[in-house]
Amino acid sequence: MLSGCPTWPEEFARYYRQAGYWRGETFGELLRRGAEEHGERIALVDDRRRISYRELDARADRLTAGLRELGVEYQDRVVVQLPNIAEFFEVCFALFRLGAVPVFALPSHRLTEVGYFCEFSAATAYITTDTEAGFDHRELAAEVTAKVPEPPHVIIAGDPGEHPFHALEDLHAEPVADRAGPSSGDIAFLQLSGGSTGVPKLIPRTHDDYLYSFRASNDICGVDADTVYLGALPIAHNFPMSSPGTFGVLHAGGRVVLARRSSPDEVFELIERERVTLTAAVPPLALVWLDAAEETERDLSSLRVLQIGGAKCSEEVARRVRPTFGATLQQVFGMAEGLVNYTRLDDPEEVVLTTQGRPISPDDEVLVVDDEDRPVATGETGHLLTRGPYTIRGYYRAEEHNAAVFTPQGFYRTGDVVRRTPQGNIVVEGRAKDQINRGGEKVAAEEIENHLLAHQDVHDAAVVSMPDEYLGERSCAFVVPRGHPPRGRELIRFVRRRGLAGYKVPDRVEFVERFPRTGVGKTSKADLRAAIERELVPHLHEEKKRA
Ligand code: OOB
């Protein structure tokens, strides 16, 4: 087992195996079986290629051999930052077969994040692309190798250009038979946490636990070999990866279609051409698709299920799905740490429109508790705690943090505030963690506060959410200046230049003389949010009316 990864106590592991959740299968074997059972069927479609199960399997084998020749070994960490292209899966399965551990970065991550992932995980390699959405990832890779004390090998899917990097395509080598792979209890990859702390936390997921989560999701979401899944969200995110996502569909022998962009034009063309049956969106994206679908000439009738998750879906948006797409809405409330809840496809309309569903597994233990960890009555609002066969017992190399967010009994404190209906469905009511959910993209307040504090004219900073009609929430940075206040726009530019994902840059900056304090003298973010409601929101409404 990779060191620094807390795991399940043996009695739990034994039970999860006995109950048939953990079946001893690895990702590598999953694809081999897919090649045997579905051979010439198309597994993947991207904007350049159609790849069969047999071809994906063979290419993964050749890449496994090539990565090994380069010196990537069992349990080495490899930062993977790829857009929605077929190479993502070749790379994943090659690393899985090697037993090397991908660390999944998002395409929007920049020097701060990627540099941190490489350094913190002591990555052997960094696999990225040439250009994506007008951004040159090779330049980023050059900055990363200059910054990280022990720079990783850089591998480029596409053209390495003038840089001394490896081309992914050149790494394909003759496969070597009879090499032992990882075991199903090993860590398969490190997934990124939405986070609420200064630096992002890494989530260790095993072959056993992850395969269970998407195999069971397949049953709930009706995924089989006839499913055509459209990956429109960034595919390294847990939602489109495993709920049931691309891996669930590949497990079932279905077809994964990758959209490079998520605009209605591109997405609707793919739905029509590939006869897509299932896809997933965050609420703001679903809203854009709903508006465009009312106008489109495209035939979207193949779509059977539209999943919405990652942030709370308003009832208003939920109500439009069936009339607009003729598809069933499925609400998905999940987290990269594990627990995923779904409304079921045959649930009464009321449940689908107004709740975030219930857990995948009969052995997902869910507690709703008060501030003292005492269970609240059904229907009462409280903190959601969970443990189960696919929820981690701790983050990678984060002992101190783990002691705070996992109970001694191994329950994960999700930071979500929920209530449960008498039928057992969960309704998300809010959040206790210090995070902004910007239309499904999570921003850890402390991380951004640290960037602001690096500015010489910033004395103190507090980042909170402000309501937004489109994204649900945006970020507002309250700043106490040191002496001469900088301009808001200058501060925003300052944060952006530090090299971080665009969605983390504050949407608004407000200068104040001092922060409201709680009883124990901490900054009261509740009071700051209340000030936004009181002073900013009416003002924004006014601005909108005038526009
Ligand atoms: C998904 O995963 P993460 O790790 O990016 O974020 C998890 C957090 C949850 O703790 C919750 O605060 C929020 O995102 N969230 C929702 C939600 N789905 C996620 N809040 C309200 N309503 C929902 N439907 O976001 C994720 C992972 C797997 C499947 C789906 C989403």
Side-chain angles (χ1 to χ4, degrees), residues 104-106 108-109 190-197 200-203 205 209-210 213-214 216-217 220-221 231-248 278-286 306-315 317-318 321 329-343 351-360 364 366 368 381 383-386 390-392 395 405 412-419 425-445 465 471-473 501 503-504:
F104 289 122
L106 295 171
S108 55
H109 286 143
L190 293 166
Q191 179 70 283
L192 188 69
S193 135
S196 56
T197 56
K201 295 287 178 286
L202 298 177
I203 297 169
R205 302 288 302 254
D209 92 74
Y210 213 60
S213 78
F214 57 76
S217 294
I220 293 169
C221 306
L233 295 171
I235 48 176
H237 190 276
N238 195 61
F239 179 16
M241 191 184 267
S242 68
S243 304
T246 56
F247 283 133
L278 169 67
T279 190
V282 289
L285 184 58
L306 173 62
Q307 299 181 305
I308 302 184
K312 180 113 176 217
C313 176
S314 72
E315 195 179 329
V317 167
V321 171
L329 165 67
Q330 181 172 52
Q331 295 214 35
V332 189
F333 161 43
M335 50 209 73
E337 285 81 357
L339 182 72
V340 177
N341 303 276
Y342 297 103
T343 56
V351 170
V352 175
L353 295 177
T354 62
T355 84
Q356 280 66 58
R358 50 197 180 277
I360 292 177
D364 278 322
V366 164
V368 184
T381 295
H383 303 283
L384 174 65
L385 270 51
T386 187
Y390 61 97
T391 296
I392 58 162
Y395 294 99
V405 294
Y412 168 53
R413 299 180 187 279
T414 66
D416 291 311
V417 173
V418 305
R419 67 182 160 84
N425 289 297
I426 293 174
V427 179
V428 181
E429 295 286 8
R431 190 168 56 234
K433 55 190 162 191
D434 200 5
Q435 184 185 77
I436 294 96
N437 188 338
R438 201 174 175 279
E441 294 188 299
K442 315 301 183 316
V443 183
S465 65
L471 289 176
E473 297 173 15
Y503 65 86
K504 295 183 184 173

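Atoms within a ligand are numbered from 1 in the order they appear, just like the ligands themselves. The structure presented is a predicted model; accordingly, all values stated were derived computationally and were not measured. Here, residue 1 is the first one in the sequence, and each next residue gets the next number. Basis for what follows: all heavy atoms, side chains included, without hydrogens, waters or symmetry-related copies.
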Undergrad: Distance to 0.1 Å, residue and atom name: give those for the protein heavy atom nearest to atom 7 (C) of ligand 1.
TA: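 I find the closest protein heavy atom is G334 O, 3.3 Å.
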Undergrad: Would you say the side-chain atoms of S465 pair up with the backbone N or O of I436, donor to acceptor, closer than 3.5 Å?
TA: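 The answer is no, because no donor-acceptor pair under 3.5 Å joins these two groups.
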Undergrad: Relative to the ring of Y503, is the ring of H109 parallel (under 30°), tilted (30 to 60°) or perpendicular (over 60°)?
TA: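 It falls in the tilted class, 30° to 60°.
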Undergrad: If you have a sec, work out which protein heavy atom is nearest atom 4 (O) of ligand 1 and how many Å separate them, to one decimal?
TA: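 Protein heavy atom at minimum distance: A336 N, 3.0 Å.
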Undergrad: Could you identify the single nearest non-hydrogen protein atom to atom 18 (N) of ligand 1 and state the distance to 0.1 Å?
TA: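 Protein heavy atom at minimum distance: G310 N, 3.1 Å.
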Undergrad: Assess E441 for proximity to ligand 1: is some non-hydrogen atom of it under 4.0 Å away?
TA: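 The answer is no: ligand 1 sits nowhere under 4.0 Å from a heavy atom of E441.
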Undergrad: Under 4.0 Å, counting heavy atoms only: does K433 come that close to any atom of ligand 1?
TA: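 Per 4.0 Å heavy-atom rule, K433 contacts ligand 1.
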Undergrad: So which protein heavy atom does atom 24 (N) of ligand 1 come closest to, and at what separation?
TA: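 Result: V332 O, 2.8 Å.
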Undergrad: Atoms of ligand 1 less than 4.0 Å from N437 heavy atoms?
TA: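 So the answer, numbered in order with elements, is 13 (C).
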Undergrad: Which heavy atom of the protein is the closest neighbour of atom 14 (O) of ligand 1, given with residue, atom name and distance?
TA: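 Heavy-atom neighbour on the protein nearest atom 14 (O) of ligand 1: K442 CE, 2.9 Å.
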Undergrad: Where the side chain of D434 meets the backbone of A445, is there a donor-acceptor pair that is under 3.5 Å apart?
TA: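 Here the side-chain-to-backbone pair does not exist.
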Undergrad: Is any N or O atom of R431, backbone or side chain, closer than 3.5 Å to an N or O atom of ligand 1?
TA: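 The answer is no, given that R431 and ligand 1 share no N or O pair closer than 3.5 Å.
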Undergrad: Please tell me if the side chains of N437 and K442 come closer than 4.5 Å, counting only heavy atoms from C-beta onward.
TA: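 In short, these two side chains touch, coming nearer than 4.5 Å.
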Undergrad: At what distance is the nearest protein heavy atom to atom 21 (C) of ligand 1, and which residue and atom is it?
TA: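 Protein heavy atom at minimum distance: K312 N, 3.3 Å.
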Undergrad: Given that the side chain starts at C-beta and the backbone is N, CA, C, O, which of these parts of Q331 lies under 4.0 Å from ligand 1, counting heavy atoms, or is it both or neither?
TA: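 For Q331, no heavy atom sits under 4.0 Å from ligand 1.
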Undergrad: Tell me, which protein residue and heavy-atom name are nearest atom 11 (C) of ligand 1, and how many Å apart are they?
TA: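 Nearest neighbour among protein heavy atoms for atom 11 (C) of ligand 1, to 0.1 Å: D416 OD1, 3.2 Å.
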Undergrad: For ligand 1, which atoms have a heavy atom of N238 less than 4.0 angstrom away?
TA: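 What qualifies from ligand 1 is 27 (C), 28 (C).
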Undergrad: Among V332, N425, T355, which residue meets the side chain to side chain contact (heavy atoms under 4.5 Å, CB included) test with T343?
TA: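 The passing option is T355.
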Undergrad: Is any side-chain heavy atom of S193 less than 4.5 Å from a side-chain heavy atom of E337?
TA: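 Yes. Closest side-chain heavy atoms under 4.5 Å.
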Undergrad: Taking both backbone and side-chain atoms of Q356, is any N or O found less than 3.5 Å from an N or O belonging to ligand 1?
TA: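 No; the residue has no nitrogen or oxygen that sits under 3.5 Å from a nitrogen or oxygen of the ligand.
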Undergrad: With sequence neighbours left out, write down each residue that passes ring-ring contact (aromatic ring centres under 6.0 Å, His included) with F104, or none if nothing qualifies.
TA: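 For F104, the residues satisfying ring-ring contact (aromatic ring centres under 6.0 Å, His included) (neighbours in sequence not counted) are F88, F189.
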Undergrad: Provide the number and element of each atom of ligand 1 under 4.0 Å from a heavy atom of S243.
TA: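 Ligand 1 atoms under the 4.0 Å threshold to S243: 28 (C), 29 (C).
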Undergrad: With sequence neighbours left out, what residues match K201 under salt bridge (Lys or Arg N to Asp or Glu O under 4.0 Å)?
TA: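 Checked K201 against salt bridge (Lys or Arg N to Asp or Glu O under 4.0 Å); zero matches.
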Undergrad: Tell me the contacting part of A311 for ligand 1: side chain, backbone, both, or neither, using a 4.0 Å heavy-atom threshold, strictly below.
TA: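 Looking at A311 and ligand 1, just backbone atoms fall under 4.0 Å.
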Undergrad: Do H237 and L192 have side chains that approach each other closer than 4.5 Å (heavy atoms only, starting at C-beta)?
TA: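 H237 does not reach L192 side chain to side chain.
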Undergrad: If we ignore hydrogens and angles and just use 3.5 Å, is the side chain of S243 paired with the main-chain N or O of G245 as donor and acceptor?
TA: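 Not confirmed, S243 side chain does not pair with G245 backbone.
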